[in-house]
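In each ligand, atom 1 is the first atom listed, and ligand 1 is the first ligand listed. Because the structure is a prediction, the values reported are computed rather than measured.
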Amino acid sequence: MKTDVILLRFGEIMLKGRNRARFENQMIQQIKRVLRPLPRAELLKESHGRMYVQLNGEDYEEAAVALGKVFGLSSFSPTVKAASELSALQNAVLQEMERQPAKPGTFKVSVRRVNKEFPYDTYEMHRLLGGHVLEHYPEIRVDVHDPEVELFVEIRNHESFVYSQKRPGPGGFPLGSNGKAMLMLSGGIDSPVAGWYAMKRGLRIEAVHFHSYPYTSERAKQKVVDLTRALADYAGSIHLHLVPFTEIQTRLKESCRDNLIITLMRRAMFRITEQIAHKRDALAIVTGESLGQVASQTLANMNVIGRAATLPVLRPLVMMDKQEIIPVAEQINTFNLSILPYEDCCTLFVPDSPSTNPSLKVVERQEQWMDWLPEAIREAVEKTELVLIKPDDKTDEDRLF
Ligand code: ATP
Ligand code: MG
């Protein structure tokens, strides 16, 4: 559709309350960020707080795709903007009619009169604007119950908006408005999706990845960098913490029962992630766990593993099926990266029959015998590499390898 103005709508949460100014600033920052590749586009604010994008010749579809990456945006509309005067509004409804993709047989006008000083009331405006359309489209009929086109007219103090289409935005909360969390990011399908849901809920995330170099390859690490980059499309940039996990894994393998190694490994991962979280002022850990999906994700295992963390562990996918997760992974462009074959640190150490019902007591007793573990965890945190990943910028990551 050809348009030069996009009217933006935010979730209810934006409308009231003390946080409004902060939320609005966060939204403005994110919208400006995604519109950067469209340099002529401007973000503007109508006197009453309505925000819109003036495209100044930039492509609407490109802008619509970019806006799809701004959490907190509930919907948006290609819009005709007009002065709040009768003749200007009459022209605007005709313009909106002209750009309908198919010629409609029926229509209706819905006026919202925010400007209480406007000389005509809502009822008169329905008649004046509807009549104007009928004059120019003799074959069209008014249908107030089920119109093919509904022309929404929002009359504000100086400027008014006319639109007939609404596109859903991603919804959720503005990025960062609910604080920060650490995302445990493997190379699999689930954890990137969990990270996306966390961001959608207003959490800024930092990713933590455990690698077992040289058992895992540079390409496995690269895959996680690429996944982080795909997520950074929604955030502008994401810090990625790369934790050397080889030593802990090999020592665990030597010193614990085979069927408990996954449980113990995951507990060590949680402890390390939590220490990094404290350093980075994050208040939660996000994982891609989904109840019952694999042996390490039985309720008993989640219980024993989760107790290693004291921060809240958020599991956005916990009740989701793989068939529900995969379409999201595709939509956020992580699926094709996730299915690349490079091995994960855990798959290398997976025993034949991991315990699905570990005893917390047994696990804790085993850990007590491992007097080397706290020091090894501290060392892993200390040797963690930190990189800042941006959507298109390769410089920071080049320094890494
Ligand atoms: P995913 O598809 O996210 O890899 P999964 O179904 O393979 O998940 P697991 O391998 O049991 O499940 O991992 C459960 C969760 O533990 C992951 O979703 C992720 O949050 C975390 N995790 C697993 N391996 C790693 C790793 N190498 N680095 C960081 N986090 C990890
Ligand atoms: Mg995995």
Side-chain angles (χ1 to χ4, degrees), residues 181-198 203 205-213 215-217 219-225 227-228 230-231 238-246 248-249 252 261-277 284-302 304-306 308-309 311 313-326 328-330 332 334-351 354-356 358 380-381 384-385:
M182 306 307 289
L183 167 68
M184 291 173 66
L185 182 65
S186 68
I189 294 169
D190 301 329
S191 43
V193 175
W196 183 82
Y197 275 113
L203 291 170
I205 55 167
E206 295 196 5
V208 180
H209 176 70
F210 296 83
H211 64 87
S212 303
Y213 190 74
Y215 298 107
T216 54
S217 62
R219 284 163 90 188
K221 215 164 159 186
Q222 183 62 44
K223 176 178 169 181
V224 173
V225 168
L227 282 168
T228 309
L231 291 176
I238 292 182
H239 282 100
L240 169 62
H241 302 258
L242 292 158
V243 186
F245 204 52
T246 321
I248 292 181
Q249 268 185 317
L252 281 176
I261 184 161
I262 296 277
T263 308
L264 286 157
M265 260 167 43
R266 287 267 192 275
R267 281 169 64 89
M269 283 184 179
F270 268 134
R271 292 198 175 102
I272 291 168
T273 305
E274 183 152 296
Q275 289 193 16
I276 300 174
I285 297 172
V286 177
T287 77
E289 288 163 295
S290 164
L291 186 60
Q293 199 189 73
V294 287
S296 58
Q297 294 173 22
T298 59
L299 195 55
N301 246 319
M302 270 193 205
V304 173
I305 293 168
L311 285 176
V313 178
L314 308 178
R315 303 175 171 94
L317 314 185
V318 72
M319 300 299 179
M320 286 168 79
D321 296 348
K322 208 76 183 179
Q323 295 103 291
E324 294 172 292
I325 297 168
I326 287 174
V328 183
E330 285 170 336
I332 65 171
T334 56
F335 184 74
N336 287 330
L337 295 168
S338 291
I339 57 175
L340 294 173
Y342 316 119
E343 69 292 3
D344 186 283
C345 69
C346 303
T347 38
L348 298 174
F349 290 83
V350 169
S355 170
T356 52
V381 172
T384 294
E385 294 170 84

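Heavy-atom contacts of T287 reach the following atoms of ligand 1: 20 (O) (cutoff under 4.0 Å). Ligand-side atoms of ligand 1 in range of G288: 17 (C), 18 (O), 20 (O), range being under 4.0 angstrom from any heavy atom. Taking every non-hydrogen atom of S191 and a distance limit under 4.0 Å, the qualifying atoms of ligand 1 come out as 1 (P), 3 (O), 18 (O), 19 (C), 20 (O). Shown in contact with G188 at under 4.0 Å from a heavy atom are these atoms of ligand 1, numbered in order with element: 1 (P), 2 (O), 4 (O). Listed by atom number, the atoms of ligand 1 under 4.0 Å from V294 heavy atoms are 11 (O). Atom numbering of ligand 1 starts at 1 in the shown order; those under 4.0 Å from a heavy atom of V208 are 29 (C). Listed by number with element, the atoms of ligand 1 under 4.0 angstrom from any heavy atom of S296 are 11 (O). Proximity to I189 (heavy-atom distance under 4.0 Å) selects the following atoms of ligand 1: 2 (O).
For D190, a nitrogen or oxygen atom sits less than 3.5 Å from a nitrogen or oxygen atom of ligand 1, counting backbone and side chain alike. In terms of polar-atom proximity, defined here as any N/O pair under 3.5 Å, M184 does make such a contact with ligand 1. The N/O atoms of P192, backbone and side chain alike, include none that comes under 3.5 Å of an N/O atom in ligand 1. Considering backbone and side-chain atoms alike, G187 places every N or O at 3.5 Å or more from each N or O of ligand 1.
P358 is linked by a side chain to side chain contact (heavy atoms under 4.5 Å, CB included) to L260, T263, A300, N301, V304, S355, V363, counting only residues two or more places apart in sequence or in another chain. E289 pairs by the salt bridge (charged side-chain N to carboxylate O under 4.0 Å, His left out) definition with R315, not counting sequence neighbours.
Residues V318 and M302 meet the side-chain proximity criterion, which asks for heavy atoms closer than 4.5 Å. I276 is listed as a side-chain neighbour of V243, based on a closest heavy-atom distance under 4.5 Å. Between L311 and M182 the shortest side-chain heavy-atom distance does not fall below 4.5 Å. The shortest distance between side-chain heavy atoms of W196 and T334 does not fall below 4.5 Å.
Among H209, M269, Q293, the residue whose heavy atom lies closest to atom 6 (O) of ligand 1 is Q293.
In this structure, Y213 and H211 have perpendicular ring planes: the angle between them is above 60°, well past the 30° mark.
Using modelled atom types and a 3.5 Å distance limit, the side chains of S186 and S191 yield a donor-acceptor pair.
Taking a 4.0 Å cut-off on heavy atoms, R266 registers as neighbouring ligand 1.
Not a single donor-acceptor pair under 3.5 Å links the side chain of T384 to the backbone N or O of H241.
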